[in-house]
Amino acid sequence: MPEPSIEYYNAAVDSLQAGRLPEALTAVESSLIEDPDDGQTWQLYIVILNALGRSEDAQKATAKLKEKGLTETDELLIMAVESAGHGRMQDAIAHYESALNIDSDRPEIYTSYALALMESGDTTRAVAAAEKAVVLDPLDGHSHFALGHILRLSGKKEAALESLSRAVSLDPNIMIAVYEEGMLLAESGNLSAALANFEKFLKAHPQDPSATEAVASIRKRMGGEPPTTYSWS
């Protein structure tokens, strides 16, 4: 994916994962303007439309993508995206597995598969799929983020921090990785580094309430005051 659409694509992924759907839609539409033929961006567009409840527009986008010519794997990925968008995670997992049976060397499929597995509660297989994605493309920040995210949710905080830090070093613009790395840095007591992460995140998303609250709490802790109680997203 050529520049600068990768920046818009990353922003769309970050906003989607943070639940900021209108921002995600704006970013992915900007990405499509820059590169209207990128299948992965169209798939993300379909995910966001479904998440917004715009199923008719999602169907139109799917039809538009099919007009561009799809491989069997791409069609399976669209089916997986549609299933996940409607909460049918087991169907999505089955479609990802069918896609992997055809193209077993595409790291982005393993990344999406891993996140779907984690959402369905299959932690062991989710970790294995994310690790496979990292092996296939060790320089892809999104693969490292997915692994770190899954490890964090499964309680393996040290390993999660290592993966999230790797994701941020490879691609500093993956803001969701910056955020989650900040979470773990704060929990481990590395307050200065955590504060830097959240301040960077707020430059990209200045209205985010959880990051704003995190900054306030960390500053209190650094000043020797009891931290504000807040919950991470």
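Fair warning: this is a prediction, and the values are worked out from it, not measured in the lab. Below, all heavy atoms of this structure are taken into account, side chains as well, without hydrogens, waters or symmetry copies.
- Pairing each heavy atom of Leu147 with each of Ser163, the nearest pair is CD2-OG, 3.6 Å.
- Contact annotation: the side chain of His205 approaches that of Phe201 to within less than 4.5 Å [non-hydrogen atoms, C-beta and beyond].
- At distances below 3.5 Å, at least one donor-acceptor pair connects side-chain atoms of Ser120 with backbone N or O atoms of Leu117.
- Transitive grouping of hydrophobic side chains (ILVMFWY, heavy atoms separated by less than 4.5 Å) keeps Ile46 and Met79 in distinct clusters.
- A donor-acceptor contact shorter than 3.5 Å links the side chain of Ser169 to the backbone of Arg166.
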Note to self: One pair to check against side-chain contact (heavy atoms from CB on, under 4.5 Å): Leu25 and Leu52. What are the steps and the verdict?
What the structure shows: CA-CA 9 Å; Leu25 181 63; Leu52 285 165; 3.8 Å; yes
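- Between Leu16 and Leu44 the shortest side-chain heavy-atom distance falls below 4.5 Å.
- In this structure a side-chain-to-backbone donor-acceptor pair under 3.5 Å is present from His144 to Pro138.
- Of the inter-residue distances, the one linking Asp38 atom CG with Gln43 atom CD reads 8.5 Å to the nearest 0.5 angstrom.
- A distance of 6.5 Å separates CD1 in Ile218 from CG in Leu191, rounded to the nearest 0.5 Å.
- Taken from CD1 in Ile93 to CD in Glu119, the straight-line distance is 9.0 Å, to the nearest 0.5 Å.
- With hydrogens and angles ignored, the 3.5 Å screen pairs no side-chain donor or acceptor of Asn50 with any backbone N or O of Ser55.
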Next item on the list: Applying side-chain contact (heavy atoms from CB on, under 4.5 Å), run through Tyr179 and Met183 and close with a yes or a no.
Entry: CA-CA 6 Å; Tyr179 183 94; Met183 291 168 54; 3.4 Å; yes
Notebook entry, point to check: Would Asp208 and Arg20 count as a salt bridge (charged side-chain N to carboxylate O under 4.0 Å, His left out) if you check the C-alpha gap in whole Å, the side-chain angles of each, and the deciding distance to 0.1 Å?
Noted result: CA-CA 9 Å; Asp208 187 88; Arg20 295 186 295 270; 2.9 Å; yes
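- For Ala92 against Ser83, the heavy-atom pair with the smallest separation is N-CB, 3.6 Å.
- Across Val47 and Val81, no two heavy atoms sit closer than the pair CG2-CG1, 2.8 Å.
- Residues Leu153 and Val127 fall within the same hydrophobic cluster, defined by Ile, Leu, Val, Met, Phe, Trp and Tyr side chains chained together at heavy-atom separations under 4.5 Å.
- In plain terms, the two heavy atoms of Thr111 and Ala133 that are nearest each other are OG1-CB, 3.4 Å.
- Within the 4.5 Å cutoff, side-chain heavy atoms of Asp74 are placed close to those of Leu77.
- Across every non-hydrogen atom of Ala160 and Gly148, the tightest pair is CB-O, 3.4 Å.
- A tilted orientation is assigned to the rings of Tyr113 and Tyr96, their planes being inclined by 30° to 60°.
- Under the 3.5 Å distance criterion, the side-chain polar atoms of Lys200 are matched with a main-chain donor or acceptor of Pro172.
- Using modelled atom types and a 3.5 Å distance limit, the side chains of Gln40 and Tyr9 yield a donor-acceptor pair.
- A donor-acceptor pair under 3.5 Å links the side-chain atoms of Trp42 to the main chain of Pro36, judged by distance alone.
- Inspection of the Asp137 and Ser143 side chains reveals no N or O donor paired with an N or O acceptor under 3.5 Å.
- Using a 4.5 Å heavy-atom threshold, the side chains of Arg54 and Ile48 count as separate.
- The environment of Glu29 atom CD is dense: over 12 non-hydrogen atoms of other residues, nucleotides or ligands sit within 6.0 angstrom.
- Comment: Arg152 does not engage Glu158 in a salt bridge, judged by the lack of any side-chain N to carboxylate O separation of less than 4.0 angstrom.
- Considering only heavy atoms from C-beta on, Leu184 stays 4.5 Å or farther from Glu180 through its side chain.
- Between the Ser154 side chain and the Leu151 main chain, a donor and an acceptor come within less than 3.5 Å of each other.
- Contact between Ser31 and Thr41 at its shortest, heavy atoms only, is OG-CG2, 3.5 Å.
- The CG atom of Asn197 sits 10.0 Å away from the CG atom of Leu164 when rounded to the nearest 0.5 Å.
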Margin query: What verdict does the side-chain contact (heavy atoms from CB on, under 4.5 Å) test give for Ile150 and Lys156, after you've listed the backbone C-alpha separation in whole Å, the side-chain angles of each residue and the deciding distance to 0.1 Å?
Written below: CA-CA 9 Å; Ile150 291 166; Lys156 299 176 181 177; over 6 Å; no
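- Residues Leu170 and Val168 do not share a hydrophobic cluster, clusters being chains of Ile/Leu/Val/Met/Phe/Trp/Tyr side chains in contact below 4.5 Å.
- A 4.5 Å side-chain heavy-atom check between Leu32 and Tyr8 finds every atom pair outside the cut-off.
- Between Lys157 and Glu162 there is no salt bridge, since none of the side-chain N atoms of the basic residue sits less than 4.0 Å from a carboxylate O of the acidic one.
- For the atom pair CE of Met175 and CD of Glu181, the computed distance is 10.5 Å after rounding to the nearest 0.5 Å.
- Put simply, CD on Glu187 and CG on Leu161 are 10.0 Å apart, with the number rounded to the nearest 0.5 Å.
- Residues His149 and Leu115 form a side-chain contact, since some pair of their non-hydrogen atoms from C-beta on lies under 4.5 Å apart.
- Ser217 places no side-chain N or O within 3.5 Å of a backbone atom of Ala214 that could act as its donor or acceptor partner.
- Residues Ile78 and Leu49 fall within the same hydrophobic cluster, defined by Ile, Leu, Val, Met, Phe, Trp and Tyr side chains chained together at heavy-atom separations under 4.5 Å.
- Side-chain atoms of Ser30 come within 3.5 Å of backbone atoms of Thr26 as a donor-acceptor pair (strictly under, hydrogens ignored).
- Residue Val135 is not grouped with residue Phe145 when hydrophobic side chains (ILVMFWY) are merged at heavy-atom distances under 4.5 angstrom, including chains of intermediate members.
- Other residues, nucleotides and ligands contribute over 12 non-hydrogen atoms within 6.0 Å of the CD atom of Glu108.
- Side-chain atoms of Val134 and Glu131, non-hydrogen and from C-beta on, never get closer than 4.5 Å to each other.
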